[in-house]
Amino acid sequence: MVKIRLKRFGAKKRPTYRIVVTDASKPRDGVAIEEVGTYAPVAPEAEQVSVNSERVKYWLGVGAQPTETVKKLLNKAK
């Protein structure tokens, strides 16, 4: 199954996440199929979420399942 989920980057106590499309059986920070956005929780509110909405729509259309956190971030980005 293909999932849209977060992949952690950044320094200790300064996290940055990439919103990626990946196989559900792969590790969290493993190889991703495609990067579709970023999330920076320590940034100002207006700059926290950046998403390529066309690619997200494509992946949702072919059956990728977003995690609960990613669902909230996608709604926030709209």
Side-chain angles (χ1 to χ4, degrees):
M1 172 162 39
V2 178
K3 290 253 187 201
I4 302 175
R5 64 183 181 193
L6 296 176
K7 184 175 184 179
R8 191 182 193 283
F9 284 88
K12 187 172 169 181
K13 301 199 183 204
R14 298 277 304 167
T16 303
Y17 298 91
R18 291 181 185 167
I19 302 170
V20 296
V21 179
T22 187
D23 184 20
S25 64
K26 299 287 184 182
R28 178 192 72 179
D29 295 336
V31 177
I33 298 170
E34 182 178 358
E35 180 184 332
V36 294
T38 60
Y39 171 54
V42 295
E45 188 72 28
E47 303 170 4
Q48 285 185 348
V49 181
S50 169
V51 177
N52 183 343
S53 58
E54 290 181 17
R55 294 305 294 166
V56 170
K57 287 179 186 175
Y58 167 78
W59 283 108
L60 292 173
V62 297
Q65 296 295 315
T67 61
E68 290 297 320
T69 304
V70 171
K71 276 185 193 177
K72 291 176 188 176
L73 292 175
L74 294 176
N75 288 333
K76 186 177 181 180
K78 290 182 181 179

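More than 12 heavy atoms of other residues, nucleotides or ligands shown are found within 6.0 angstrom of NZ on Lys76.
Phe9 and Val20 sit in two unconnected hydrophobic clusters of ILVMFWY residues. Membership requires side-chain heavy atoms under 4.5 Å apart, directly or through other members. Val21 and Val62 fall within a single hydrophobic cluster, where Ile, Leu, Val, Met, Phe, Trp and Tyr are joined by side-chain heavy atoms under 4.5 Å apart, directly or via other members.
Thr22 contributes atom OG1, which lies 12.0 Å from atom CD of Glu35 (distance to the nearest 0.5 angstrom). Going from atom OH of Tyr17 over to atom CZ of Arg28 covers 7.0 Å, rounded to the nearest 0.5 Å. To the nearest 0.5 Å, atom CD of residue Gln65 and atom CE of residue Met1 are 6.0 Å apart.
A heavy-atom distance below 4.5 Å is not found between the side chains of Thr67 and Leu6. Using a 4.5 Å heavy-atom threshold, the side chains of Lys26 and Val31 count as separate. At least one side-chain heavy atom of Ile33 sits less than 4.5 Å from a side-chain heavy atom of Trp59. Within the 4.5 Å cutoff, the side chain of Val56 has no heavy atoms near those of the Ile19 side chain. Between Ile4 and Leu60, some side-chain heavy-atom pair lies under the 4.5 Å cut-off.
Residue Arg5 comes nearest to Ala24 through the heavy atom pair NH1-O, 3.7 Å, listed as atom of the first residue, atom of the second, then distance. The two residues Arg8 and Asp29 make their nearest non-hydrogen contact at N-OD1, 3.1 Å. Closest non-hydrogen pair, Pro41 versus Pro15, comes out as CD-O, 3.6 Å.
Looking at Lys71 and Glu68, a side-chain N of the basic residue comes within less than 4.0 Å of a carboxylate O on the acidic one, giving a salt bridge.
A side-chain donor-acceptor contact under 3.5 Å links Gln48 to the backbone of Ala43.
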